[in-house]
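Structure below; questions to follow.
Just so it is clear: chains get the letters A, B, ... in the order the sequence lines come, proteins before strands, and each one is counted from 1. Source: prediction; values computed, not measured.
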2 protein chains.
Amino acid sequence: MQYRPTSIKLAVRSFLRVYADRAGIQQNQGFFIMPKRKSDTKLQEDGEPASKKKVTAEEGTKVPVEDKKVDNGTSAETNFAPTDKKTPDGRSSNLKVSAWNIAGLRAWMKKGCLSYISKEDADIYILQETKIPSDKVPKEAKVDGYFTYWNDSKEKAGYAGTALYSKEKPINVTFGIGVDKHDKEGRVITAEYEKYYVVGAYIPNSGRGLVRLDYRQEWDADFLTFLKGLDAKKPVIFCGDLNVAHQEIDLKNPKTNKNKTAGFTDQERDGFTKLLNEGFVDSFRHLYPDKKDMYSYWTYMGNCRAKNVGWRLDYFVLSKALVPNLCESTMRSNVMGSDHCPIILELAI
Amino acid sequence: MQYRPTSIKLAVRSFLRVYADRAGIQQNQGFFIMPKRKSDTKLQEDGEPASKKKVTAEEGTKVPVEDKKVDNGTSAETNFAPTDKKTPDGRSSNLKVSAWNIAGLRAWMKKGCLSYISKEDADIYILQETKIPSDKVPKEAKVDGYFTYWNDSKEKAGYAGTALYSKEKPINVTFGIGVDKHDKEGRVITAEYEKYYVVGAYIPNSGRGLVRLDYRQEWDADFLTFLKGLDAKKPVIFCGDLNVAHQEIDLKNPKTNKNKTAGFTDQERDGFTKLLNEGFVDSFRHLYPDKKDMYSYWTYMGNCRAKNVGWRLDYFVLSKALVPNLCESTMRSNVMGSDHCPIILELAI
DNA sequence: CTTGCTACG
DNA sequence: CGTATCAAG
């Protein structure tokens with residue numbers, strides 16, 4: 001049989017799909033990567049292309065991590081109770097916010113993840129990548145005791161999308177950032193409360209081959225303008241999947257991913273730095289300046305989560321004015337249900 | 001929120017997908033079908049469109065059928081041994097052929113259906129709807145003890161496709177029927193043996209809304225020419241998913257499907273009649289002229305298989321010259337693994 | 001690897 | 001209802 005163009009196209013695509021995801025291709029043996037020596041790695045017997053059994057930069061890094069129990073928001077090991085930690089001036093948390101990139105509401109619900117909502121008992125939830133048109137959201141997703149708000153992708157059904165759940169009814173809720181070209185993918189929901197704004201966002205991924213990095217930079221600029229506009233009125237809690245690992249400490253494999261993989265280019269990192277320079281604070285890093293191996297995302301590929309080969313892509317970014325109110329900001333690393341884990345913020349307001 | 005065109009399109013598509021498949025839409029309440037009264041049918045509580053809980057012509061017909069045990073080719077209830085039945089002149093079977101539309105080789109293998117091959121122990125297998133490019137067929141599918149031949153769709157990957165397994169090496173194997181416009185979808189494999197040809201085929205479905213009925217008629221004409229050409233040289237065993245139920249006895253719901261659903265239009269049925277008029281014989285119907293409720297296909301929808309609401313779409317069609325050799329032609333109705341069941345033919349050659 | 005969409009049956 | 005593709009991450 002002849003080599004048909006489709007076969008070649010498929011093979012290349014398959015390679016890219018499996019081996020180029022947040023991985024940073026290692027250069028070795030020309031284009032393909034040789035597998036790390038591994039006791040259970042059998043040699044090829046036949047003529048299959050070497051790509052088949054190769055490993056990514058992520059997979060290749062062995063990280064001795066204590067086995068983590070899996071759960072769907074009901075882990076016995078996760079303490080969902082309000083934190084004991086207090087503000088610097090000794091006040092206890094009275095506001096909990098949770099943000100989770102759920103990678104598809106319908107699949108997430110099938111896994112029983114809705115139980116996370118009651119288990120965590122946060123005052124506000126931000127869900128990203130709901131991947132569902134607003135008019136198709138099942139009513140069970142509109143959990144009792146919460147006002148829920150849904151934003152969706154206007155053109156591509158089943159793409160991106162965000163939701164906001166709030167125990168208290170916000171004074172006002174807006175969708176998007178008021179810039180048409182950025183408001184077609186349902187990426188932002190803003191809820192206004194008496195003393196603050198909560199901005200839940202799913203920041204655009206720069207894509208394979210960084211095809212959308214230019215757009216991302218436009219987004220970052222316009223989004224910063226939006227945030228500063230809010231911050232001029234009331235303090236802001238900005239959270240969600242920001243699709244950037246800020247510093248080398250924020251991902252397992254900085255070397256191999258730097259300026260290669262979406263989420264760890266200088267442009268994206270600088271965008272985040274710029275945000276911090278405008279009076280905002282990365283709450284987790286503020287509390288834990290040197291804490292390593294804390295991630296909120298692990299690619300599904302190559303068993304990266306079990307090996308804790310991850311990225312910190314999800315953040316609570318606070319207006320400086322809110323830093324004195326900060327009790328806790330951390331990751332629910334062992335809550336399963338998506339390639340991201342939920343993150344939580346606790347404030348004394 | 002406004003009704004967006006995509007939502008409407010999706011809703012209509014969803015309706016068609018679930019409720020129009022080999023069903024024959026019943027006219028009632030305007031466009032939608034009211035459910036048959038059913039003890040467990042709850043009334044609508046909310047404003048959902050009535051389509052959601054409707055039943056098809058297939059589903060609405062309750063058929064009291066003894067429960068059938070499910071298996072993957074390893075049923076204790078199915079006797080795979082060579083038949084006791086003999087030819088009219090008393091000769092025993094010494095050739096077994098099996099044909100099965102497997103609806104996707106990869107899924108079929110995952111269900112463990114490869115075990116059917118050894119269990120049935122046929123001399124020749126024809127698989128249809130392999131849905132796999134020939135160069136992606138896993139080597140385990142190329143079962144030991146058989147020569148295997150693979151035909152695939154040249155343009156649409158993962159569509160249609162056929163395979164032929166043979167214990168004995170055929171004198172010659174050809175793909176397609178020698179007409180370019182019909183040979184792009186991998187639908188036909190012909191194996192030549194000393195005394196006969198075996199033609200395995202997956203005849204084109206006329207499609208939802210009969211969009212491909214015209215093409216189907218061109219196919220039927222050209223295919224008949226092809227078969228007659230072979231028959232002029234040696235007797236032919238023609239088998240597979242012929243995508244037609246010939247007479248009313250060949251499907252559960254002839255009334256509701258007649259001239260509405262692909263597989264039971266006058267054009268398709270006449271095509272089959274024409275074939276029989278050219279010196280070919282429907283081996284099953286020849287042996288069992290009045291046997292009802294014998295089907296080889298049941299839509300996955302509405303639990304039709306459990307209710308035996310099916311169609312006889314799979315056939316062994318023989319050159320008249322082979323009728324004296326016929327011992328058995330029947331369906332393996334309780335072999336699971338696809339929306340079709342395997343059919344088998346036993347000859348004394 | 002996983003989700004959701006689409007085409008097709 | 002179910003399989004396989006595709007785009008996206």
(request) Please state whether the phosphate of C:dT6, meaning OP1 or OP2, lies under 4.0 angstrom from any side-chain nitrogen or oxygen of A:Lys156. (result) no

(request) Would you kindly give the CE-to-C1' distance between B:Met336 and D:dC1, to the nearest whole Å? (result) 12 Å

(message) Side chain of A:Arg208, heavy atoms from C-beta onward: which of C:dG9, D:dG9, D:dA4 has the nearest atom to it?
(response) D:dG9

(request) Apply salt bridge (Lys or Arg N to Asp or Glu O under 4.0 Å) to A:Asp314 and list each qualifying residue two or more places apart in sequence or on a separate chain. (result) none

(request) Starting at atom OH of A:Tyr215, determine the distance to atom P of D:dA8, rounded to an integer number of angstrom. (result) 14 Å

(request) Let me know the distance between CG of A:Leu105 and C1' of C:dC5, rounded to the nearest Å. (result) 16 Å

(request) Mind calculating the distance between CZ (B:Phe264) and P (C:dG9) to the nearest angstrom? (result) 20 Å

(message) Rounding to an integer number of Å, can you tell me how far A:Arg187 CZ sits from D:dA8 P?
(response) 11 Å

(message) Side chain of B:Lys111 only, heavy atoms from C-beta on: which candidate in D:dT3, C:dC5, C:dG9 is closest?
(response) D:dT3

(request) Would you kindly give the CD1-to-P distance between B:Ile132 and D:dA4, to the nearest whole Å? (result) 8 Å

(request) Establish, with yes or no, whether the OP1 or OP2 oxygen of D:dT3 is under 4.0 angstrom from a side-chain nitrogen or oxygen of B:Tyr159. (result) no

(request) Tell me, please, which residues at least two apart from B:Arg216 pass salt bridge (Lys or Arg N to Asp or Glu O under 4.0 Å). (result) B:Asp220, B:Glu268

(request) Taking only the side-chain nitrogens and oxygens of A:Arg106, find out if one of them lies under 4.0 Å from OP1 or OP2 of C:dT2. (result) no

(request) Give the nucleotide from the list D:dG9, C:dG9, C:dT3 with an atom nearest to the side chain of B:Arg212. (result) C:dG9

(message) Whole angstroms only, please: what is the OH-P distance between B:Tyr300 and D:dG2?
(response) 7 Å

(request) Kindly say whether the aromatic ring centers of A:Trp108 and A:Trp100 come within a distance under 6.0 Å. (result) yes

(request) Just compare C:dT3, C:dG9, D:dG2 and give me whichever is closest to any side-chain atom of B:Lys131. (result) D:dG2

(message) Taking A:Arg212 first and then A:Glu185, would you say they form a salt bridge - that is, a charged N and a carboxylate O separated by under 4.0 Å?
(response) yes

(message) Whole angstroms only, please: what is the OH-P distance between B:Tyr202 and C:dG9?
(response) 6 Å

(message) Are A:His182 and A:Tyr215 an aromatic pair, judged by ring center distance below 6.0 Å?
(response) yes

